[in-house]
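Residue numbers begin at 1 in each chain, while the letters A, B, ... track the order of the sequences.
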Number of protein chains: 2
Amino acid sequence: MKGAPASINDIARALGISASTVSRALGNHPDISADTRSRVMEYAKAIKYRPNALAVGLKHQRSNTIGVVIPEIIHHFFSTIISGIEEVAYSKGLRVMICQSNEDYNREVINIRAMLDHRVDGLLISQSKDTNDLSHFVEVFESNVPIIFFDRFPSELETDRIITDDFQGGKLVTQHLIERGCRSILHLATSENLLVGAERCRGYADTIREAALTFDPNLILLCDTQQKVYAAKEQILAMAPHIDGVFAVNDLSAIAIMNLLMDAGYQIPDTIKVAGFGDDPIASIVRPRLTTVEQKGFMMGKKAIEMLLERIENPTSSFVPRTYKFQVSLNMRDSS
Amino acid sequence: MKGAPASINDIARALGISASTVSRALGNHPDISADTRSRVMEYAKAIKYRPNALAVGLKHQRSNTIGVVIPEIIHHFFSTIISGIEEVAYSKGLRVMICQSNEDYNREVINIRAMLDHRVDGLLISQSKDTNDLSHFVEVFESNVPIIFFDRFPSELETDRIITDDFQGGKLVTQHLIERGCRSILHLATSENLLVGAERCRGYADTIREAALTFDPNLILLCDTQQKVYAAKEQILAMAPHIDGVFAVNDLSAIAIMNLLMDAGYQIPDTIKVAGFGDDPIASIVRPRLTTVEQKGFMMGKKAIEMLLERIENPTSSFVPRTYKFQVSLNMRDSS
DNA sequence: GTGAAAGCGCTAACAT
DNA sequence: ATGTTAGCGCTTTCAC
C-alpha cells in the first residue's frame, strides 16, 4: 500500500548495488554474475517490481506498442481484424492500443495524434467514412511512423494496404444471383467516398453488363444501414414488384430489406433473392439464412500487423508501397 | 522526413531561448510575454511539434490514459459501454486504452500488467469468464491505481462496481412469461462462476417459486452460446414437448433456441414463448422479434468512468467501496 | 563483474 | 519575464 511503484533505484538501494547492475541483471546481461542476478531477480519478484513502460519507451524512443484506429468496434468484421492483430501482437510481446473513430473525421485525427504522441511504433488504420482531408495521414508519413491501411484506405495516397477484393466480391454475388435466374437486381450501395463500397458496386455493374442485362442506374440505392433501409421503405416497396434480386453492400442492410420485403408479403428466395456482403455471424442466424460474401477478417488482421512489423524492422529509405489483396468467397445460403 | 520528432529543445535552440520558456509558452503560463508566446506557438505549429506523451507521463507520474479491459469487444453490450466511456474521456481529453481478454485468464493478467506498466491513471475492468485467481486484481489495489469493475466483478473483493440489476432482470422476464401463460419455463444459464448469470438465474428461480409453480432444476441448462445450444439439440428437443417458455441468459442463445425450436416445427410464440437478455440489436432484427431485457450499456460506461475519475481525483486513504446498480426494463416483442 | 555518468523529453522549483 | 538545475525511471557507453 505504498505510493509510487518500486523503481530500479529502490532495488539498487536495498541490495547495495548500482542501478545499472540491477538493470543489467533484470535484462539478463551476460556480464552479470549468477549470484547478483538471482539476488536481483528474487528481490524484484518479492516487491513485485514492474518496469515503467514510459521510462523504457522514452529511453528507447519506441513504446513497444502499435496503434489501431478503426471506424467502429461493433462491426464484426473489424472485431475479427482486431483479433487477428492481437494474435500476432501477443505472441511477440507487443502492446496494442485500440481506438475507434466512430466514423468521425475529428475523432480520427485526435486518435491518430494521440497515438503519435505516445510514440507508437506503428499504426494500423481503417479510415472513417467521412474522412476527406488527408493531412493527418500525411503527418504520419512525415513523422516516419510506419502505417498500414486495412480495408478502407485513401486512394490518393501511396500507402501499404491490406484489402479485400471487393470488386470480385461484387461480381461473385451478382453472377450468383443471375445464375439463380435474377434479371433485375437492386443494389443497396454505400456512401460514394467509401472505396470498398464503390468497388462492390463496380463488380455489380460490370457483371450486369457482361451478362448483357440492361444496366439501370435507378436500381442503385444509397442505403447502407438498417435505419436507411427502413427510411427508404416506400421507395423500395414501389420498386419491389419490378425486381427479382437484391445485392446489399453489407449484411445488416441485406437483412433489413429482407425483413421489409417479407413483411410486405414477398417470398424470399422464391419471389426475390437477396444476398449481402461480409458474412456477419447474424447472416447464418436470420431466417432465411443469408447468402453473403465471406471476408477474411482474422487473416487480414494478421497480415496487416505482420506487414507493419516488417516495415518497422526495415525502415528503408526507398519506400515502395505494397498492396495485399485478400480473395473472397461466396457463402450460399437460403436467401438466394 | 526527418528522424526523431521535434522536441522542446529543438524549438528552444531555434528560437534562442531556454527549454523551460518554451515549455511555459506552450502551456500558456501567465509569466510568459505575449511576444515570446506567439513566437513559440508559431514555430511549434510550423514544425508540427507534438509533445512526447511518454516524457510528460514520466515527469508527471501519470499518463492521462485510462485502461479498459473487457472480455470481448464483439459483444454489443461491451461495445456500447466502451462508447459511453469514450464519450466522457474525449470530453476531458483523456486517452482510452482498450484491451480484450478474450475470456482468457492469462490474457487478462497480461493486459492488466501492461496497463499498470504504462502507468494508466485508472482501470475499468469487466472480468473474464474463467478468472478465479484474483491476485492480479489485488496487485492493482496494492499499486494504488484506482479500479472500477463494470458488469462482471469478483464478489470476493471489496471494490467499486457498476452493475446491472440482473436479479431484477431475471424476475422481469420470468414474471412476463408467467403472465403470458407459461407454466414450465426452461432456463438457458451461463457458467456458474459468472455472477451476472447466477443472478439472472436466481431471479428466474425466485419468481417461479413466488408464482407457486414447481421449480424443477432439470429445467436449467448450462448453455450460453449458439454453439452450445446446437450441441444440446437432442436434449432440448427431448424437453421441448414439456415446456411452454424459455428464458435464455443472453440474446444469442435465445435466438439459437428459437431457430432450433422453429426448425423442429414449434410455433413461437404460440406453442413456446422465448425471451432473452441484453437487447442486442439482433433481437429486433430476427423474426419473430425477440422479447428481451434492456441493459443501459452506454450509461453504465459513462458512470463507470465518472466514478473512476472521482477516485483518481480524490485518492482518499479511507476507501469505502461503492456499488452503482442500473435498473433494467423489459422490451416486449413478438417472441413471447 | 560492476559503477558512474549522461541523456531520452519534459516540467517545476528556484534563481535572477 | 526568463534561465538554470534537477529529476521522473531507465539504459548504455565508458571507466575500472
First and last nt of DNA chain D near chain A, cut-off under 4.0 Å to heavy atoms, 5' to 3', are D/dG9 to D/dT13
Is the charged tip of B/Lys303 near the ring of B/Tyr324: under 6.0 Å from the six-membered ring centre and within 45° of its axis? yes
Quick check: does any side chain N or O of B/Arg322 sit under 3.5 Å from a backbone N or O of B/Asp160, one acting as donor and the other as acceptor? no
Any chance you could measure A/Gln61, atom CD, to A/Asp121, atom CG, to the nearest 0.5 Å?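 The distance works out to 11.0 Å.
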Please determine if a side-chain N or O atom of A/Thr21 lies less than 4.0 Å away from the OP1 or OP2 oxygen of C/dG3.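 For A/Thr21, the contact criterion (side-chain N or O under 4.0 Å from OP1 or OP2 of C/dG3) is met.
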Specify the residue among A/His29 and B/Thr36 whose closest nucleotide of DNA chain D lies further upstream toward the 5′ end. B/Thr36
Heteroatom pairs (N/O) under 3.5 angstrom, protein to nucleotides 8-10 of chain C:
| residue | atom | partner | partner atom | Å |
| --- | --- | --- | --- | --- |
| C/dC8 | O3' | A/Gln61 | NE2 | 3.3 |
| C/dG9 | OP1 | A/Gln61 | NE2 | 3.1 |
| C/dG9 | N2 | B/Ala55 | O | 3.4 |
| C/dC10 | OP1 | B/Tyr49 | OH | 2.3 |
| C/dC10 | OP1 | B/Asn52 | N | 3.3 |
| C/dC10 | OP2 | B/Ile8 | N | 2.4 |

Should the pair A/Lys48-B/Glu142 be classified as a salt bridge under the 4.0 Å nitrogen-to-oxygen rule?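 Salt bridge flag = yes for B/Glu142 with A/Lys48.
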Can we say A/Glu139 and A/Arg113 salt-bridge, meaning some charged N sits less than 4.0 Å from an Asp/Glu carboxylate O?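 The answer is yes: the pair qualifies as a salt bridge.
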Taking the side chain as every heavy atom from C-beta outward, state whether B/Arg119 and A/Asn52 have any pair of such atoms under 4.5 Å apart.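 When only atoms from C-beta onward are counted, A/Asn52 and B/Arg119 do touch, with a gap below 4.5 Å.
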Distance alone, cut at 3.5 Å: any donor-acceptor contact between the side chains of B/Ser20 and B/Ser23?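 The answer is no; no qualifying pair exists.
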Could you check whether A/Tyr90 and B/Asn111, counting side-chain N and O atoms only, form a donor-acceptor pair closer than 3.5 Å?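 Distance-only check passes for B/Asn111 and A/Tyr90.
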